[in-house]
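Side-chain atoms are counted along with the backbone in the values below, which use heavy atoms only and exclude waters and symmetry mates. Since the model is a prediction, treat every value here as computed from it, not as a measurement. All ligand and atom numbering here is 1-based and tracks the order in the structure.
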Amino acid sequence: MHTLAGEAPCGAPRPIHLKRPLFLELKQLKQTRSTNPFRPGSGILPPLLAGRERETAIFEARVARTREGQPQHTALLGEWAIGKTTLLMHWRRLRQQAGDAVVLSMAYPQSSDEFLAGLVNAIDAELATDGPRNLEVELGLDIGVANARIRRRSRDPERELRAALRRLIEHHARDGRSVIVLLDDVDLLPMTGDVLLRLRACALELYAADLPLAFLVAASAGLFDGVRSAHEPLVRFFEPLSIGPLDPGDATRAIIGPVEETVVRFDSAVVAEIVELAGGRPYYLQKLGYFAFDAAVDGRVTRAEFAVAFERAFASVSQEIFAARWAGMSPIDRQVVAVVARSTEPRPSGAIEAEAHRLGVRPGAARLALRRLAARGHIDRVASGHRGRYAVRDRLFQRYLELQTCEP
Ligand SMILES: Nc1ncnc2c1ncn2[C@@H]1O[C@H](COP(=O)(O)OP(=O)(O)OP(=O)(O)O)[C@@H](O)[C@H]1O
Ligand SMILES: [Mg+2]
C-alpha cells in the first residue's frame, strides 16, 4: 500500500510542521514565478473541470425531454465538497450558451417563505437581464444568488413564485427556449420537505397550463432520508442523480492539465501520490495541488517538496474541516469513529461493535453511532445485505482521527 506522506505510527504522532525548513524557503525564492492555478474552496470553478460527462449527459437528456413537453426534475446528490455547486455553475453556463433561461439560487438556513421570496427575486433578475450575455465573464455565484438573499415580505410567496415563473417561461417559450431553475444546498433549509413539496405543486400547476420548466435541487446524499413522510412523492418527482469521487484518470487530468498551463512541473510520482491520497475527492485534489504548486523548487515538485506540501495541505484541511467535525461529535461517536478508522478495509458492524464494547461502549449505542456517522458522511457504509460494513475511506480524515486518538 502507498504510504501516506508524513505518516506516523500510532503512539508517536508526528508533529505537523506549519513552517517549512529555511533552506526550502530560500531555494523557493529562486523559482520562476507563476500564478498558482489550483482553486481549493467551495463553489469556486476549478481550473479544469474533470470528469462528470455521465452526469452532464443525463442532465442534458432531462432538459431535452423537458423541452419536448415531458418535464424531468433532478435531485443532484453528493457528499460535502464533491463538486455539486461546480456542476451547477458548469451546467448553467452550458444552458445559457444554448440560449436557455437559467436561474441559480442558493438556500440558507431560512424559513420556507423567505427562501421562496428570494427565489422570486432571482427569477425577476433573470428576466431583467435577458439579452446577449458576455459569457466570458463568469462571476461565479452572481446576481441570481445574491438576490436570493433579499428577504422580502410577501403574503403568498408560492403564488408570487408561480407568477414569476410563468412570466419567465412565457417570455422564453416563444423562441423555443427552456427555463431551468437550479437550487443549491436545499438541505440547509430547516423545512426542506416543505419547500420541495411547494416547488412540486408549483411545477405541476405550470404543466397544467402547458408551461414546462425543469427544477434541479442539489443537496447532500441523505436529502430524502431527512424528509420522511414526503419521501415517496418527492423522490419520484426530483429524480436522484448522484455524484461521487472522480475516477483516477479524471483526477490525474485535474492535476496535470492546470499545471501544464504554467512553468511548473510535478514529477509523475507526485501526481500519482496526489491522486491516491485524494481518493477522487475534487476538493482534496485542489488542496493538494495548490500546496504542491506552492512548494515548487526551481519550477519542479519532487516527492521531497510534496512531503512538505502535504503537511501544509493536511494542516489546512484539519483546521478548516476536521476540527469542527470532531468538536461536533459526541464522546461515543468519537470512540466509534476511532475504531472504524483503525482499518482501511470495510469491516462488519458486528466486529466494530465488539471492539467498541471492549472500550466500554454498549453494542446498541455503537450501532446507532455507526448509523449517525454514516448519515453525516463521516464514515463510509458498504451495503452488504442487512448489516453494513464500515470504513473511513477518506485518507486525510483517517490520518486526522489517528492523530486525535493517539494523543495522550
Ligand atoms: N470536476 C471537478 N474537477 C476538478 N475540480 C473540481 C471538480 N468539481 C469540483 N472541483 C473543486 O472542488 C472543490 C469543491 O467543489 P464544490 O464547492 O463545487 O463542491 P460542493 O459539493 O458544492 O461542496 P459543498 O459541500 O461545500 O456544497 C472546489 O475547489 C472546486 O473547484
Ligand atoms: Mg456547494
Side-chain angles (χ1 to χ4, degrees), residues 35-59 74-94 104-109 138-142 144-146 148-149 182-189 192 216-223 226 240-261 266 271 274-275 277-294 313 316-317 320-322 324-325 328 375-378 394 396-397:
T35 313
N36 195 323
F38 293 101
R39 306 181 76 186
S42 174
I44 304 173
L45 273 178
L48 183 152
L49 183 108
R52 308 306 188 207
E53 289 87 4
R54 181 191 72 90
E55 295 82 357
T56 301
I58 293 174
F59 171 70
T74 301
L76 181 70
L77 304 176
E79 64 179 58
W80 71 281
I82 203 70
K84 302 178 292 296
T85 305
T86 298
L87 262 187
L88 294 195
M89 296 196 299
H90 175 56
W91 291 347
R92 175 178 59 167
R93 182 184 280 204
L94 286 181
L104 171 55
S105 185
M106 190 166 270
Y108 299 88
E138 177 61 67
L139 294 176
L141 302 177
D142 60 19
V145 171
R149 299 194 74 155
L182 309 172
L183 303 170
D184 202 4
D185 291 335
V186 290
D187 48 351
L188 288 185
L189 295 163
T192 307
L216 182 147
V217 297
S220 58
L223 172 72
L241 172 55
S242 297
I243 56 168
L246 299 173
D247 69 35
D250 289 330
T252 305
R253 281 202 311 124
I255 296 295
I256 291 180
V259 172
E260 270 173 359
E261 300 290 307
F266 287 9
V271 176
I274 292 177
V275 167
L277 287 168
R281 292 174 177 80
Y283 171 65
Y284 289 169
L285 288 169
Q286 297 297 327
K287 202 76 172 174
L288 294 167
Y290 183 88
F291 282 95
F293 188 93
D294 253 10
S316 164
V317 177
E320 283 169 19
I321 312 283
F322 302 151
R325 195 184 279 186
R376 290 181 187 156
H378 300 340
D394 179 334
L396 272 62
F397 189 44

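Close approach to Tyr283 involves these atoms of ligand 1, each under 4.0 Å from a residue heavy atom: 12 (O), 13 (C). For ligand 1, the atoms closer than 4.0 angstrom to any heavy atom of Gly43 are 16 (P), 17 (O). Listed by atom number, the atoms of ligand 1 under 4.0 Å from Ile44 heavy atoms are 28 (C), 30 (C), 31 (O).
The shortest non-hydrogen separation linking Ser220 to Asp187 is OG-OD2, 2.5 Å. Taking all atoms of both residues into account, the shortest heavy-atom contact from Ile274 to Ala292 is CD1-CB, 4.1 Å. Residues Ala254 and Phe38 share a closest heavy-atom pair of O-CE2, 3.6 Å. The heavy-atom pair separating Leu246 from Pro282 by the smallest distance is CD1-CB, 4.4 Å. Residue Leu48 comes nearest to Gly257 through the heavy atom pair CD1-CA, 3.9 Å, listed as atom of the first residue, atom of the second, then distance. Of all heavy-atom pairs between Arg253 and Gly51, the closest is NH2-N, 3.6 Å.
Selection from Leu49, Asp185, Asp187 by nearest heavy atom to atom 27 (O) of ligand 1 gives Asp185. For the residues Thr86, Leu48, Leu246, the heavy atom positioned nearest atom 4 (C) of ligand 1 is part of Leu48. Between the choices Gln286, Lys84, Arg52, the shortest heavy-atom distance to atom 20 (P) of ligand 1 belongs to Lys84. The option from Ala50, Pro258, Ala254 that lies nearest to atom 3 (N) of ligand 1, judged by heavy atoms, is Ala50. Checking Gly83, Ala219, Pro46 against atom 19 (O) of ligand 1, the nearest heavy atom belongs to Gly83.
Here's the thing with Ile82: one of its N/O atoms is less than 3.5 angstrom from an N/O atom of ligand 1. Residue Asp184 has no nitrogen or oxygen atom sitting less than 3.5 Å from a nitrogen or oxygen atom of ligand 1, judged on distance alone. Residue contacts with ligand 1: Trp80 is placed with no nitrogen or oxygen under 3.5 Å of a nitrogen or oxygen of the ligand (distance criterion only). At under 3.5 Å, a nitrogen or oxygen of Ala81, whether backbone or side chain, sits near a nitrogen or oxygen of ligand 1.
Thr86 OG1 to Arg39 CZ: the interatomic distance, rounded to the nearest 0.5 Å, is 9.5 Å. Note: Met106 CE to Leu188 CG = 9.0 Å, rounded to the nearest 0.5 Å. For the atom pair CZ (Arg325) and CZ (Arg376), the distance works out to 11.5 Å, reported to the nearest 0.5 Å. Between Asp184 atom CG and Leu104 atom CG the span is 6.5 Å, to the nearest 0.5 Å.
Only the backbone of Arg39 comes within 4.0 Å of ligand 1, counting heavy atoms alone; no side-chain atom from C-beta on gets that close. Under 4.0 angstrom from ligand 1, the non-hydrogen atoms of Pro40 all belong to its backbone.
A distance-only check finds no donor-acceptor pair linking the side chain of Lys84 to the backbone of Gly43 [under 3.5 Å].
Partners of Thr56 by side-chain contact (heavy atoms from CB on, under 4.5 Å), not counting sequence neighbours, listed by chain and number: Arg52, Glu60, Leu87, His90, Trp91, Leu94.
The aromatic rings of Phe397 and Phe322 lie tilted to each other, with the angle between the two planes from 30° to 60°.
Note on the Mg ion (ligand 2): protein N/O/S atoms under 2.8 Å are Thr85 OG1.
Looking from atom 7 (C) of ligand 1 to the surrounding protein, the closest heavy atom is Pro282 CB, 3.6 Å.
Contact between Gly41 and ligand 1 is present, with at least one heavy atom of the residue lying under 4.0 Å from the ligand.
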